[in-house]
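Written out below as structure tokens is the structure these notes cover.
Quick caveat, the model's predicted, so the values are computed rather than measured. Within every chain, numbering begins at 1; the chains are lettered A, B, ... in the order of the sequence lines, protein sequences first and strands thereafter.
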Amino acid sequence: MERGMISVDRWAEGSQVYFLTHLHADHTAGLSSSWKRAPLFCSRITAKLFPPKFPGFDLSLLRVLEIGQWYSLSLVSLSTGLETRIEVIAIDANHCPGAVMYLFRGEFGCMLYTGDFRWEVTCKIAKVGKMMLLGALRNDKVDTLYIDNTYCNPSYSFPSREVAAQQVVNIINSYPEHDIIIGIDSLGKEDLLLYISKMLKVKIWVWPERLQTMHLLGLHGNFTTKTTLTRVRAVPRYSFTVETLEGLNTMRPTIGIMPSGLPWALKKDGCKDKSCGLPSTKTEMGICLGINMPNKYTNNIEKHHQYIYTVPYSDHSCFPEIVEFVKLLCPSHIKGIVSSSSSYIDPCYYLRNIYGTSSLYKKPEIKEGSGRVEGKHESTLACDGCIEEKKRKRIKEYQSCLHKTRVSLLRRFKCGVKLINED
DNA sequence: GCGATCAGAT
DNA sequence: CACATCTGATCGC
């Protein structure tokens with residue numbers, strides 16, 4: 001029987017060491033306060049944010065990995081009983097506070113697990129990350145790349161977060177008398193809120209738990225839990241709905257802003273929301289944005305409702321960034337770590353031509369069923385670029401048959417992999 | 001009764 | 001619609 005060695009963002013039993021890329025809930029499913037299977041490696045910031053998320057957790061299990069530093073771990077191959085060493089380095093993933101990618105070296109070769117990441121080469125942090133990654137790789141080639149394929153589709157392209165942040169500021173400025181609410185998650189988008197706070201010289205309201213997170217991150221001056229101090233509030237995304245906005249507007253004029261990737265741009269025509277009553281989103285965009293904002297910043301803003309704007313502020317890489325990243329690394333194998341409806345069948349299907357389009361890049365050699373990964377990353381979900389058309393079609397039909405079962409399976413193994421010994 | 005997991009909504 | 005999160009129902013001990 002195969003035994004586990006390393007798990008990343010996966011918390012079931014069977015591994016000797018566990019790695020956490022960041023603290024978003026879909027990467028911690030299965031982790032709990034009572035979890036105590038083995039040492040848990042993470043970044044310093046993640047370790048700092050960890051206790052309030054898992055009160056009572058045995059913190060002696062946490063192992064902090066400093067970013068950019070190699071660590072060597074001694075593991076036991078349970079099938080052979082022999083000691084084997086692996087090396088690991090954490091690199092800033094530029095996703096949310098504490099988020100890192102992990103580069104592993106060991107008997108399994110060279111493996112990079114990006115976790116959720118944004119490869120925004122125009123930004124300083126990403127440039128540092130790039131240098132660090134290239135430095136860590138030296139002349140090694142990545143054998144297997146586990147990549148954040150959330151937006152691994154040519155339809156997804158969005159501006160830098162700096163540009164998107166300015167779009168948000170412009171929207172707020174165009175409603176000087178309105179209250180503003182911004183939908184955010186329990187972690188992430190801090191830079192956006194800081195930018196708004198600094199540009200508009202306002203504090204931003206957050207809910208109490210979120211203020212605690214801000215304080216743990218060392219952000220003290222820009223946030224408040226007192227509603228009276230500001231017209232700008234950041235609210236949990238799940239409570240950000242059309243109904244909420246309509247309710248708020250019966251009391252005070254309020255505009256909602258949803259910073260998010262760009263899925264809605266795929267929508268063809270009209271607004272599905274019946275309460276919207278608009279003939280088309282494009283028309284509405286023209287009316288709402290034409291006057292107040294310079295063109296440079298309005299390319300991707302969408303207004304889907306009388307009170308709601310969507311701004312393409314994304315903590316995931318868009319498609320051109322994913323392509324850039326894959327071209328840089330030239331990995332032998334690629335596997336997507338996210339299974340969502342849009343990238344469900346073959347998450348990296350659209351990457352298949354990257355090597356082919358440039359003679360500089362070697363065509364990847366695909367070994368099917370290499371069997372290093374368990375969980376949701378079964379062979380049918382691996383996005384090996386060179387998989388033949390016939391096989392893909394077969395898989396598609398198969399998955400279509402099993403759709404219901406599969407969806408529930410995918411939910412269970414949403415993120416994370418277990419890397420196992422090859423016996 | 002509690003935590004873990006799942007389905008559904010937001 | 002995506003992603004990430006929440007709530008409430010159900011399962012298993």
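- Classification of the A:His22-A:His24 ring pair by plane angle, with boundaries at 30° and 60°, yields perpendicular.
- Between A:Glu209 and A:Lys53 no salt bridge is recorded (no basic side-chain N to carboxylate O distance below 4.0 Å).
- Here A:Thr244 lies out of heavy-atom contact (under 4.0 Å) with every strand.
- Side-chain contact between A:Tyr313 and A:Asp191: present, with at least one pair of heavy atoms (C-beta onward) separated by less than 4.5 Å.
- Contact between the side-chain N/O atoms of A:His27 and the OP1/OP2 oxygens of C:dA4 is not found at any separation under 4.0 Å.
- Taking side-chain N and O atoms only, A:Ser34 has a distance below 4.0 Å to OP1 or OP2 of B:dA4.
- At C:dT5, one or more side-chain N or O atoms of A:Ser186 fall inside 4.0 Å of OP1 or OP2 (strictly under the cut-off).
- Checking C:dA4, C:dC6, C:dA2 against the side-chain heavy atoms of A:Tyr238 singles out C:dC6 as nearest.
- With C:dT5, B:dT10, C:dA2 as the choices, the nucleotide that has an atom nearest any side-chain atom of A:Ala25 turns out to be C:dT5.
- Atom OH of A:Tyr151 is separated from atom P of C:dA4 by 8 Å (rounded to the nearest Å).
- Within the structure, every side-chain polar atom (N or O) of A:Ser239 is placed at least 4.0 Å from both OP1 and OP2 of C:dT5.
- Of the possible polar contacts, none joining the A:His95 side chain to the A:Arg118 backbone as a donor-acceptor pair under 3.5 Å is found.
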